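In what follows, residues are counted from 1 in the order of the sequence shown. Both counts, for ligands and for their atoms, begin at 1 and track the order of listing. What you are looking at is a predicted structure, and each value in this text was computed from that prediction instead of being measured. All values below were derived from every heavy atom in this structure, side-chain atoms included, with hydrogens, water molecules and symmetry-related copies excluded.
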Amino acid sequence: MDDIFTQCREGNAVAVRLWLDNTENDLNQGDDHGFSPLHWACREGRTNVVDMLIMRGARINVMNRGDDTPLHLAASHGHREILGKLIQCKADTNASNEHGNTPLHYACFWGHDLVAEDLVNNGAQVSICNKYGETPVDKAKPHLRDHLKEMAEKQGQNLTKVPFKDTFWKGTTRTRPRNGTLNKHAGIDYKQLSFMVKVNENHSGELWKGRWQGTEIVVKVFHIRDWTTRKSRDFNEEYPKLRIFSHPNVLPMLGACQSPPAPHPVIITHWMPYGSLYNVLHEGTNFVVDQMQAVKFALDIACGMAFLHTLEPMIPRHYLNSKSVMIDEDMTARISMADVKFSFQCPGRMYSPAWIAPEGISLSFCFFIKPDFYIFSDFLPSVLFFL
Ligand code: ATP
Ligand code: MN
C-alpha cells in the first residue's frame, strides 16, 4: 500500500480520510525530506486533501529539510485557492527557506501573477533579499515587477532592499522524523528502557526521565496495591486507547508494559523540555508568559479538547488541568494522555482541581466553539472557552 505522502500527493481523499481516522497516525510527521502530508497536498494542488489535513490539525508553518513551508510550495506551483486557505490559517507570508527565499520569490520567478498579488495583499514584503541579495521583484518579469511595487507602495511598504538576515529561530517548526517503530510498538520491552533520573515520586508512583529507542522519554511506574490479574487485564485494554498520535495538541502515550518482579504497570511518554503548563506558569524562570502566549496555550488546549471530543467512544477519566497539559519545545501546549486515570486508580479521588466551570467568573476572553465550557483559572486574566 502507498504511504500517506503518496496518498496526499496523488489526492486520494478516501485513503487519506481512512488514514486520518486512525488515531495512531501522526499527520505532522515528515518523509525522508521532511515533507509533511500538507506539503505534498499543497505542492500538487490537492484542495480537498488540504482541507482535510487542516481540519485535523496539520501544522501550517511547518518546514521541510530545505525550510520550505507548505505556503512556499503552493506559491511555487501556482495553487491560488490553496494559498488562500493557508493564509486564512495564518500561514507566514514572509517565511524564508534555506536560500532566504519567501513564497513571493517563487510566485514572482514562476510568473504566478495572481498568487503574487494575493501574497502582497496579505503582508508579503516585496523588498526582502534572499541569501544572494535578490528581492522577490528582482525575480519577476517587468510588468509584474512594476505592478507589485505599485501595490506595495500603496500599502506603505518601504521599497528599499532589506538585506538577508539569517534568523536562528524562525517561529516555525520542522516536521518530526518518521519513526515507524515509535508508532507501531504499543507494548514495549521493559529491558529496553533506560532509566536516568527520578523526576518525581508521589501518591500515584514514580516518574523517571529516560531513553527508549533513541528518544528522550518519561517513564511512569505506578504503585498500585493488590495488582490483580483483573487490574492487569484492564490496564492492557485501556492503555492502547491513549496512543493518540493524530493531533498536535494531544501528547500520546507511547507505550506500556508491566515491570518485573512484582509487576508494576509502566507507561512511557515523550520528554517535554518545559514540563507541564503548571510548571511554565508558576515555576518557570526562563520566560514570561505574556497575554499572547497565554491565549495561544488556551487555543492549543481548546483545539486538543475539541479533537478529543470527536472520539468515539470518549476517553473516560480525563481530568483537564494545568498539570496534565505539557509544553513542547516549540511552545505548543499538548494534552497529556499519560495523565488520564486508569480504572484501577482510586476512582473519584482527585488530587488537584480540574478545570471546571464555576458560574459568574468575570471573563476577559471568550471563544465560542461548542457548548460545554472550561475555565482556565491558571491564566490571568482567565481565559474561558466554550468548547
Ligand atoms: P499524577 O501522578 O496525578 O499524574 P503529577 O502529574 O503531579 O500527578 P507526575 O505525573 O509524576 O505527577 O509528574 C511530575 C512532574 O514531572 C510534573 O510536574 C512535570 O513537571 C513532570 N513531567 C510529567 N510528565 C512529563 C513529560 N512528559 N515531560 C517532561 N516533564 C514531565
Ligand atoms: Mn502526571
Side-chain angles (χ1 to χ4, degrees), residues 26 28 173 176 179 182-183 186 188 193-225 227 231 235 238-239 241-245 247-257 259 264-287 289 297 300-301 304-305 308 315-356 376-378:
D26 172 3
N28 285 303
T173 40
R176 277 188 280 274
N179 190 337
L182 222 61
N183 278 22
I188 49 178
L193 295 175
S194 64
F195 291 70
M196 282 153 28
V197 216
K198 194 198 272 187
V199 181
N200 189 40
E201 176 153 20
N202 65 11
H203 57 270
S204 66
E206 288 173 18
L207 193 81
W208 288 74
K209 187 176 178 203
R211 290 189 78 81
W212 176 71
Q213 307 235 331
T215 306
E216 289 195 294
I217 52 161
V218 292
V219 188
K220 179 107 190 182
V221 183
F222 291 105
H223 293 320
I224 305 291
R225 258 183 271 145
W227 187 243
K231 287 179 185 173
F235 178 65
E238 290 168 24
Y239 83 74
K241 303 196 176 90
L242 303 175
R243 290 175 25 89
I244 301 176
F245 291 81
H247 198 280
N249 302 117
V250 174
L251 183 67
M253 173 180 301
L254 290 175
C257 61
S259 76
H264 290 293
V266 170
I267 60 172
I268 69 170
T269 326
H270 282 291
W271 165 256
M272 294 286 115
Y274 294 113
S276 67
L277 177 60
Y278 183 89
N279 296 145
V280 168
L281 289 175
H282 304 297
E283 294 160 1
T285 46
N286 293 346
F287 50 82
V289 176
F297 283 153
D300 283 349
I301 296 161
M305 286 306 292
L308 291 174
I315 292 173
R317 297 176 300 276
H318 175 228
Y319 307 108
L320 182 67
N321 61 48
S322 58
K323 290 183 175 172
S324 64
V325 172
M326 297 293 154
I327 307 303
D328 210 339
E329 58 191 353
D330 62 354
M331 302 299 284
T332 305
R334 305 177 71 181
I335 298 164
S336 168
M337 291 299 101
D339 281 297
V340 170
K341 300 297 172 220
F342 287 95
S343 57
F344 48 79
Q345 287 180 283
C346 303
R349 188 114 138 250
M350 277 210 248
Y351 292 90
S352 49
W355 277 330
I356 44 168
F376 296 167
S377 57
D378 279 310

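Ligand 1 lies within reach of K220, whose nearest heavy atom is under 4.0 Å from it. Contact annotation: E206 has no heavy atom less than 4.0 Å from any atom of ligand 1.
Using a 4.0 Å cut-off to heavy atoms of N200, the atoms of ligand 1 that qualify are 9 (P), 11 (O), 12 (O), 13 (O), 14 (C). The contact set between ligand 1 and N279, taken as ligand atoms under 4.0 Å from a residue heavy atom, comprises 18 (O), 19 (C), 20 (O).
The N, O or S atom of D339 with the smallest distance to the Mn ion (ligand 2) is OD1.
Counting heavy atoms from C-beta on, the side chains of I315 and K241 never come closer than 4.5 Å.
Close placement of the F344 and W227 rings is indicated, their centers lying within 6.0 Å of each other. The six-membered or imidazole ring of F342 lies near that of F222, with a centre-to-centre distance under 6.0 Å.
The residue among H270, M326, M253 with a heavy atom at the shortest distance from atom 27 (N) of ligand 1 is H270.
Here K341 has side-chain heavy atoms under 4.0 Å from ligand 1, and that is the only part of it that gets that close. Contacts with ligand 1 closer than 4.0 Å are made by no heavy atom of K209, backbone or side chain.
Looking at ligand 1, you'll find an N or O of N202 within less than 3.5 Å of one of its N or O atoms. The shortest N or O to N or O distance between W271 and ligand 1 is not under 3.5 Å. Below 3.5 Å of separation, one finds no N or O of V199 facing any N or O of ligand 1. Close N/O approach between S204 and ligand 1 is found [any backbone or side-chain N/O within under 3.5 Å].
What you find for A256 and I267 is that their closest heavy atoms are CB-CG2, 4.0 Å. When every heavy atom of S276 is checked against every heavy atom of K323, the shortest pair comes out as CB-O, 3.9 Å.
The only option from W212, W271, W208 that meets the side chain to side chain contact (heavy atoms under 4.5 Å, CB included) definition with I217 turns out to be W212.
Between the side chains of K220 and T269, no donor-acceptor pair of N or O atoms lies under 3.5 Å.
To the nearest 0.5 Å, the span separating CG on N321 from OG on S336 amounts to 10.5 Å.
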